[in-house]
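Residue numbers start from 1 in every chain, and the chains themselves are labelled A, B, ... in the order their sequence lines are given, proteins ahead of strands.
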Number of protein chains: 2
Amino acid sequence: MEKISETYEDGAEAALDASRVAQSVAHQLRRTHGQLVGRFLLYFSKVNLRPIEFGALALIAENPGRKQSQIAAALGIQRANFVALMNDLENRCLTERRSVPNDRRSHALYLTPTGESLLAEARRAEADFEADCLERLGGTRARDQFLVLLRRLFG
Amino acid sequence: MEKISETYEDGAEAALDASRVAQSVAHQLRRTHGQLVGRFLLYFSKVNLRPIEFGALALIAENPGRKQSQIAAALGIQRANFVALMNDLENRCLTERRSVPNDRRSHALYLTPTGESLLAEARRAEADFEADCLERLGGTRARDQFLVLLRRLFG
DNA sequence: TATTGTTATACTCTATAACTATA
DNA sequence: TATAGTTATAGAGTATAACAATA
């Protein structure tokens, strides 16, 4: 039987034991992911880009002319969900969809000059953000090891 | 100028270069998190528990009699969002809210016998899931290192 | 028949503000 | 005044099914 009134009633609360859940990969990854998204948004608030938007711009910049479905797949999202994202980026004049010769189903994706310059600014935010991660992780060796482990878990 | 028709039209598509985004901590963590949640749901489909539900049951089991806000804080979610979760667990007869002497605002949380036995089954699913992660990560040393790095990034 | 982009839909997760009853 | 639980709401993120145009 728990003696609630004796144990928890007076101001000095006993520390909550979260040791077991804290050793769970799933639990820790969930918590850290949430933290990191929030931190990302702080660093990227100036350029007003969400993680997935930055990913899309960066991928299109490095792979101009690709189809929507290709970029979506590389980002790991459904092509259906990529449509609204592209509409938004296009409305902000950051990207454009060009028609593809010999395949009138596809749209080839490109950055606009505005998109290029916003991406340049975003890359500076990314550098700051990644530097923050680097410092928290404890150096480049730890960071590289972390990326290796993430990819192992992903595959 | 990109030569789309020459580059991408014939069946053999050039591999998409995602090397730069793949080196981003934020991007890799996002992708891996998504993968892992899906994998978790597969392992936990038999007990029909989502990650956060399993976390709640485990925390309550190890800290019986705690207030909702304490468990919610330990899980890293808002107490407002914890209400529906507790309602659901209670409707499934897994947990119960007892009144607390000397503080009629609070609810003390406990597992029911049904909750205890489901948790026992869930712990077996968790063991399988964590064993899967362990294997992917490459052993206990890698897994422990991974947890250390996740916590460093979280703090 | 298969693929591309698209629409619609639904469900989860999270964040915030405000209410109530208590302290 | 502050706290615990609650309600309501809104915004992301993701998954699925279905459709039209095109291959």
Does a side-chain N or O of [X] approach OP1 or OP2 of [N] to a distance below 4.0 Å, or not?
| X | N | answer |
| --- | --- | --- |
| Ser106(A) | dT22(D) | no |
| Arg105(A) | dC19(D) | no |
| Arg97(A) | dT6(C) | yes |

Is [X] reaching over with its side chain to a backbone N or O of [Y], donor-acceptor style, under 3.5 angstrom?
| X | Y | value |
| --- | --- | --- |
| Gln68(A) | Phe82(A) | no |
| Ser117(A) | Thr114(A) | yes |
| Arg79(B) | Ile71(B) | no |

Residues in side-chain hydrogen bond (donor to acceptor under 3.5 Å, both in side chains) contact with Asp17(B), at least two apart in sequence or another chain
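Applying side-chain hydrogen bond (donor to acceptor under 3.5 Å, both in side chains) to Asp17(B) gives Ser19(B).
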
Distance in angstrom units between [X] [atom1] and [N] [atom2], rounded:
| X | N | atom1 | atom2 | result |
| --- | --- | --- | --- | --- |
| Glu90(B) | dG5(D) | CD | P | 12 Å |
| Arg50(A) | dT14(C) | CZ | C1' | 14 Å |
| Leu29(B) | dG13(D) | CG | P | 14 Å |
| His33(A) | dT14(D) | NE2 | C1' | 12 Å |
| Arg66(B) | dA4(D) | CZ | P | 13 Å |
| Ile52(A) | dA15(D) | CD1 | P | 11 Å |
| His27(B) | dG13(D) | NE2 | P | 13 Å |
| Arg98(A) | dG5(C) | CZ | C1' | 19 Å |

Which side-chain N or O atoms in residues 54-61 of chain B pair as donor and acceptor under 3.5 Å with protein atoms at least two apart or in another chain?
none

Assign each of Val37(A) and Arg104(A) to its nearest nucleotide of DNA chain D by heavy atoms, then name whichever residue's nucleotide is nearer the 5' end.
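Between the two, 5'-proximity favours Val37(A).
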
Toward the 5' end of DNA chain D, which comes first, Asp103(A) or Gly76(A), by nearest nucleotide?
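Nearer the 5' end of the strand: Gly76(A).
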
So if I take residues 78-87 of chain A and measure heavy-atom distances to DNA chain C, which residues fall below 4.0 Å?
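Residues of residues 78-87 of chain A under 4.0 Å from DNA chain C: Arg79(A), Ala80(A), Val83(A).
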
Going by atom types only, do Arg97(A) and Asn87(A) share a side-chain donor-acceptor pair under 3.5 Å?
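Side chains of Arg97(A) and Asn87(A): pair found under 3.5 Å.
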
Pair Arg143(A), Cys133(A) - check side chain to side chain contact (heavy atoms under 4.5 Å, CB included), show working.
CA-CA 8 Å; Arg143(A) 194 268 319 273; Cys133(A) 292; 5.7 Å; no

Candidate nucleotides dG13(D), dG5(D), dT14(C), ranked by approach to the side chain of Arg30(A) - the nearest
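Minimum distance to the Arg30(A) side chain belongs to dT14(C).
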
